[in-house]
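A short worksheet on the structure shown next.
This structure is a prediction, so every number in the text was calculated from the model and none was measured.
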Amino acid sequence: MLNVVVFGSGRGSNFKAVLDAMADGGIPLARISLVISNNASAGILDIARSRGITALHISQKQFETEALFVAALLETLRSHGTGLVVLAGYMKRLPPPVVHAYRNRIINIHPALLPRFGGQGMYGIHVHAAVLAAKEILSGATVHLVDEEYDRGPILLQQTVPVLPDDTPETLAARVLRVEHQLLPDAVRLFSEGRVDLNGNIMPLRSMQE
Ligand code: GRF
């Protein structure tokens, strides 16, 4: 069983999409063992608690030094048997020692077609405003492996959505979010089936049966 730990800072709709996929039997080889948020009042913590999942507020601000924060994160991840870390609307950069300890086992969902419209400052509604400002006709969502930089690691899954002439950042965000809610559960399932290689390539199912 793959133990998944989810990090989030906000409302938690992507986390809930993964949880619902698991509840529907869509991801039989994985379970969510813990949710961590840097924001004590984040909706993602409330969703976790309502579904009986351990939910912890862990923030750098609670620690004297980054080293103590990192040690607390690593111990928490270790004690929960973490096999996969999922960033679902986590607004902080994971400390490099955590990225190193879980290299190629950390994924992030981003509401645009990376590598474009990613990186520092490209989060939430800003992403969609930038897509519209660039007069793109396509946008979409991306799940990628996480490395030491924002939104840069190998891409696992992408799904496009059309940008419509009368779109606002909000209407585009809503259309992309619906695709995110399909893409992230798919990525967790692929990981749980051992079908993601170290470069973020997805092995076809037939290779599992050979
Ligand atoms: C999502 O749009 C995700 O792509 C981005 O942050 C947002 C989080 O939304 N990284 P939610 O908390 O999952 O609803």
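Atoms OH and NZ, from Y150 and K92 in turn, are 7.5 Å apart once rounded to the nearest 0.5 Å. Taken from CG in L94 to NE2 in H100, the straight-line distance is 11.0 Å, to the nearest 0.5 Å. Rounding to the nearest 0.5 Å gives a distance of 5.5 Å between NE2 of H144 and CG of L114. Note that the CZ atom of R105 and the CG atom of L145 stand 12.0 Å from one another [nearest 0.5 Å]. From L34, atom CG reaches atom CG of L77 across 7.5 Å, with rounding to the nearest 0.5 Å. Summarising the geometry, atom CG belonging to D151 is positioned 9.0 Å from atom OG1 belonging to T142; distances are rounded to the nearest 0.5 Å.
Sparse packing is recorded around CD1 of I137, with 12 or fewer heavy atoms of other residues, nucleotides or ligands lying under 6.0 Å away. F63 CZ: more than 12 foreign heavy atoms inside a 6.0 Å radius. For E64, the CD atom is loosely surrounded, since the number of other residues' heavy atoms within 6.0 Å does not exceed 12.
Across all their heavy atoms, L84 and I106 have their closest contact at CD1-N, 4.4 Å. Closest heavy-atom contact between P162 and L172: O-CD1, 4.2 Å. Smallest separation of non-hydrogen atoms from V176 and S139: CG2-OG, 4.3 Å. Shortest non-hydrogen contact noted between S37 and A42 is OG-CB, 3.4 Å. Residues N14 and A88 come closest through the heavy atom pair CB-CB, 4.1 Å. Shown here for L56 and T76, the closest heavy-atom pair between the two residues is CD1-CG2, 3.8 Å.
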key: I32 and L19: CA distance, side-chain angles, deciding distance, side-chain contact (heavy atoms from CB on, under 4.5 Å) verdict   = CA-CA 8 Å; I32 295 177; L19 211 49; 3.7 Å; yes
task = Tell me, with the steps shown, if E170 and I125 meet side-chain contact (heavy atoms from CB on, under 4.5 Å).
result = CA-CA 7 Å; E170 291 72 19; I125 206 71; 3.9 Å; yes
request  = Take L184 and I107 through the test side-chain contact (heavy atoms from CB on, under 4.5 Å) and record every step on the way to the result.
outcome  = CA-CA 9 Å; L184 190 57; I107 61 176; 4.1 Å; yes
task = Could you please spell out the steps behind the side-chain contact (heavy atoms from CB on, under 4.5 Å) verdict for V85 and Y90?
result = CA-CA 11 Å; V85 174; Y90 187 60; over 6 Å; no
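By the 4.5 Å heavy-atom criterion applied to side chains, I44 and R11 are not counted as neighbours. V18 is not listed as a side-chain neighbour of V86, based on a closest heavy-atom distance of 4.5 Å or more. Residues V127 and H110 meet the side-chain proximity criterion, which asks for heavy atoms closer than 4.5 Å. In this structure, the side chains of P95 and E66 come closer than 4.5 Å at one or more pairs of heavy atoms. Side-chain contact between N3 and H80 is absent, with no heavy atoms from C-beta onward closer than 4.5 Å. In this structure, the side chains of R31 and L2 stay at 4.5 Å or more apart for every pair of heavy atoms. Between L87 and V6 there is no side-chain heavy-atom pair separated by less than 4.5 Å. Looking only at side-chain heavy atoms (C-beta outward), R175 and D167 come within less than 4.5 Å of each other.
Under the 3.5 Å distance criterion, with hydrogens and angles disregarded, no donor-acceptor pair is assigned to the side chains of N39 and S9. For the residue pair H57/Q62, the side-chain donor-acceptor check at 3.5 Å is satisfied. Residues H181 and S13 bring a donor and an acceptor atom of their side chains to less than 3.5 Å of each other.
For residues 42-56, the salt bridge (charged side-chain N to carboxylate O under 4.0 Å, His left out) pairs, not counting sequence neighbours, are D20-R51.
Between the T168 side chain and the T171 main chain, a donor and an acceptor come within less than 3.5 Å of each other. In terms of modelled atom types and a separation under 3.5 Å, the side chain of T82 and the main chain of R78 share no donor-acceptor contact.
With sequence neighbours excluded, the residues that form a salt bridge (Lys or Arg N to Asp or Glu O under 4.0 Å) with R93 are E149.
Under the 4.5 Å side-chain heavy-atom criterion for grouping Ile, Leu, Val, Met, Phe, Trp and Tyr, L132 is connected to M122 within one hydrophobic cluster. Residues I47 and F7 do not share a hydrophobic cluster, clusters being chains of Ile/Leu/Val/Met/Phe/Trp/Tyr side chains in contact below 4.5 Å. Criterion: ILVMFWY side-chain heavy atoms under 4.5 Å apart, direct or through other members. Under it, F191 and I27 are part of a common hydrophobic cluster. V188 and V5 are not part of a single hydrophobic cluster, where members link through side-chain heavy atoms under 4.5 Å apart. Cluster membership for I58 and L45, using ILVMFWY side-chain heavy atoms within less than 4.5 angstrom, is not shared.
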